[in-house]
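Note sheet for the following structure.
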Amino acid sequence: MFYNRANLKKEALSDLNGKWKSAALVGLLFYIPCLVLMCLYFFAFFSSAFGILHMMLFVVLFYVSFSMLSLALFRWSNVLLKEGNADVKNFFRGITLKAIPSILWLLLRSFLWCLLLFVPIIPMAALVRLVEIPSASVVAALVMYSCFLLFIFLYLVVLAKVTSYAMMFFALADKPDLHVRDSLNVAAMVTEGFRTNLFVTNLSFMGWALLCLITLGIACIWVLPYYSQVMTRAWLFMLKEKEDMLTGSAL
């Protein structure tokens, strides 16, 4: 079956039709804690009354809260899609400490992949001075150009991997009993062949993100549940396409 981003968005809007009141409340419950923690961080950053430890504490609290609220939001969307139930209680039921090791594992794996980017960066930095030497300028320039192309390629590879790993939260929302490590592996398998589609889908929300900035975040209350519903539908679509591959796996 063909991945159709436009259809996924239409179906997500259909899921939310008549349920926007609950969706807005869920968006508010997600947005307010994140907003408070971000304000505390920036206040600590620009205030002399707070030190580096306070800022680090606010960053940790933000990531912990963000991961738990994200998992709760995706769980709410999953229940809405499967059961048509938009009850806000499903959001609270989705809040779990399992999100904390999930975000840590996700950040670790993403960081390890990002280390690949240093492969072309290191020789490029080393060859900067050689370009100024006439006898070595041509060779150095060619090597630097090759390293630059390699950097672009590796960046796209890393971006694809990080995009696929981020879907682990949708795997956990769909199967709460799934182990954290297994959810990351399942996310990588399910998104294989669809990573470009996922990237474009995320990119298509840039306009909505701009609207959120213009409205000082108020639009997030409606945009977040909509985004969550679209991505939940995308996840279940990909999962259905890969169900034969996942037969007998941890999922």
Q. Would you say Trp113 has more than 12 foreign heavy atoms packed within less than 6.0 Å of its CH2?
A. no
Q. Sub-3.5 Å donor-acceptor pair from the side chain of Thr191 to the main-chain atoms of Arg195, do we have one?
A. no
Q. Is the side chain of Trp235 donor-acceptor paired with the backbone N or O of Met167 at a distance under 3.5 Å, no angle test?
A. no
Q) Cation over ring, Lys9 on Phe205, under 6.0 Å and within 45°? A) yes
Q.
Under a 3.5 Å cutoff, is there a donor and acceptor pairing between the side chains of Trp105 and Tyr165?
A. no
Q) Can you name the residues that form a salt bridge (charged side-chain N to carboxylate O under 4.0 Å, His left out) with Lys89, not counting sequence neighbours? A) none
Q. Within the distance-only criterion (no hydrogens, no angle test), does the side chain of Asp87 pair as donor or acceptor with the backbone N or O of Asn90 below 3.5 angstrom?
A. no
Q: Quick one: which residue pairs count as a salt bridge (Lys or Arg N to Asp or Glu O under 4.0 Å) with a foot in residues 212-234, not counting sequence neighbours?
A: Glu11-Arg233, Asp15-Arg233
Q. Any side-chain donor paired with an acceptor under 3.5 Å for Tyr3 and Thr201?
A. yes
Q: Output yes when a side-chain donor or acceptor of Ser110 lies under 3.5 Å from a complementary backbone atom of Leu107, and no otherwise.
A: no
Q | Side chain Lys161, main chain Arg109, donor-acceptor under 3.5 Å | A | no
Q) So, the side chain of Lys175 versus the backbone of Ser183: is there a donor-acceptor pair under 3.5 Å, distance only? A) no
**Q.** Plane angle bin for Phe30 and Phe66 - parallel if under 30°, tilted between 30 and 60°, otherwise perpendicular
**A.** perpendicular
